[in-house]
Amino acid sequence: MDFLRELRWLLEQVPRGRVTSFKALADALGDGKAAKAVYVTLKESKLPGWHRVTRSDGGIPFHEAAGTLIQEGIRLSDSRVVGFQGIKFTDFRSQRPLALLRREQRSLASRVVLEDRLEKPGEVGGFDLSYQGNRAHAAAVVMDREGVEVLDEVRLTTIVSFPYISTYLSYREFEPISLCYGRLRCRPSLLLVDGNGILHPARFGIACLVGVRLGRPTIGVAKSLLLGRVDSGVKQGENSQIHHRGRLLGYAYRPGRGKPIFISPGHMISPSTALELVKGLCKERVPEPLRLAHLACGQMRRAAVG
DNA sequence: GCGACAG
DNA sequence: ATCTTGTCGC
């Protein structure tokens, strides 16, 4: 989905003399959770009609918009639209593209294999990204199964067009990850991705997409909990199950004294095997291939700045 | 029924 | 994820 194009299309529908809100635009895109992404996008690229977008209470988010709004006959009082409810436009024509993406996730989720299809004990690849606006610095680090020796590494920079929206992360980060994977000299037999696998409302987080699209065993490792409930008080070095709607979706694992990480299968691996493999790779809080990929991304970004 | 929500 | 200084601790 082309996020900018969809947003441009919706903004064209707001008539002169009317306004709409970030939330209303997000709803029209198919998911109200995208309201912040709409805000960030409009803040960075002022599409035609950007000045007609307000907060949910009619507040003006961009001070520069006030003059144009008044010219269009909209009355403002204390940086808020007077009679907001009356002139608020919500009657959008839209295919609701985010709802389509959610449907796609639910459909692809049926292809996820939750049994161990791990080939020979081979290499493990970690993938991570860091950003400068819509510039994504991506890195892949391949190590041995114990996370001791680096066997291969790839770094690249690309432009991403899809914003960060919780539960749609894969539509932002899959392409850079896929590009990294394609440039590796030796293909790892197991992939680690920053984010969730089946620990996702559609049971299809980014680790699942990476696994299914690349046809490789994949595990998702997240640093904060997206959904589900964890038994409170996980002791260090130990783990506890994460259930959601009666299903075991992953584990919370506390490598040290700090916060836990959240492990879930992406593809071709069982929850328990995913947990054990990640445990074996955790020298620090995050498994080594992911930690080194994270460091590589940070270096790239700093090098691009200075 | 409503809110929360990976990077 | 990013914006950011010094500071506490192993």
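Just so it is clear, the model here is predicted, and its values are computed rather than measured. So you know, we letter chains A, B, ... as the sequences are listed, proteins then strands, and number each from 1.
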Evaluate the ring planes of A:Phe127 and A:Tyr181, with Trp represented by its six-membered ring, and classify them as parallel (under 30°), tilted (30 to 60°) or perpendicular (over 60°).
tilted
N-O pairing of A:Arg291 and A:Glu288 below 4.0 Å:
yes
Using modelled atom types only, decide if a donor and an acceptor are shared between the side chain of A:Gln13 and the backbone of A:Arg93 within a distance under 3.5 Å.
yes
So A:Tyr171 and A:Tyr168, would you call those rings parallel, tilted or perpendicular, with 30° and 60° as cut-offs?
tilted
Expected output: side-chain A:Lys46 to main-chain A:Lys43 donor-acceptor under 3.5 Å
yes
A:Met300 CE to C:dA1 C1', straight-line distance once rounded to whole Å:
15 Å
Taking NZ, NE, NH1 and NH2 as the nitrogens, is one of them in A:Asp78 or A:Arg80 under 4.0 Å from a carboxylate oxygen of the other?
no
Looking for any heavy atom pair under 4.0 Å, which part of the strands does A:Leu227 touch: base, sugar-phosphate only, or nothing?
nothing
If you measure only the distance, is there a donor-acceptor pair under 3.5 Å linking the side chains of A:Gln105 and A:Arg102?
yes
What is the distance from CD of A:Glu44 to C1' of C:dA1, rounded to the nearest Å?
12 Å
DNA chain C base-pair string [pairs: Watson-Crick or G-U under 3.5 Å; |: paired with another strand]
..........
Do A:Arg96 and A:Asp31 sit within salt-bridge range, that is, some charged N less than 4.0 Å from a carboxylate O?
no
Under 4.0 Å between a Lys/Arg side-chain N and an Asp/Glu carboxylate O for A:Glu72 and A:Arg52?
yes
So, are A:Arg106 and A:Glu104 salt-bridged, with charged N and O less than 4.0 Å apart?
no
For atom NE2 of A:His294, is the number of surrounding heavy atoms from other residues, nucleotides or ligands below 6.0 Å larger than 12?
no
Just wondering, are more than 12 heavy atoms of other shown residues or ligands nearer than 6.0 Å to CD in A:Gln95?
no
With a 4.0 angstrom cut-off to heavy atoms of chain A, pull out the first and last contacting nucleotide of DNA chain B, in 5'-to-3' order.
B:dC5 to B:dG7
Any residue of residues 266-291 of chain A with a heavy atom less than 4.0 Å from an atom of DNA chain B:
none
For nucleotides 3-10 of chain C, which of its nitrogen or oxygen atoms have a protein nitrogen or oxygen under 3.5 Å away, and what is each distance?
none

Quick one: does A:Arg254's side chain have a donor or acceptor within less than 3.5 Å of a partner on A:Lys235's backbone?
no
Does any N or O in the side chain of A:Asn196 come within less than 3.5 Å of the main-chain N or O of A:Gly205, such that one atom is a donor and the other an acceptor?
no
Count the heavy atoms belonging to other residues, nucleotides or ligands that lie under 6.0 Å from CG of A:Asp57, then report whether that count exceeds 12.
yes
Output the rounded distance in Å from CD1 (A:Ile206) to C1' (C:dA1).
13 Å
A:His267 and A:Thr218 side chains, donor-acceptor separation under 3.5 Å
no
Go through DNA chain B and write down every stem, that is, every run of at least three consecutive Watson-Crick or G-U wobble pairs with distances under 3.5 Å, as range with range.
none
What do the steps show when you test A:Leu191 against A:Ile219 for side chain to side chain contact (heavy atoms under 4.5 Å, CB included), and what is the final call?
CA-CA 6 Å; A:Leu191 312 181; A:Ile219 300 172; over 6 Å; no
A:Tyr131 and A:Glu173: side chain donor to acceptor below 3.5 Å:
yes
So which of residues 161-168 of chain A are in contact with DNA chain B, with a heavy-atom cut-off of under 4.0 Å?
A:Tyr164, A:Ser166, A:Thr167, A:Tyr168
Between CD1 of A:Ile159 and P of C:dA1 the distance, given in whole Å, is 19 Å
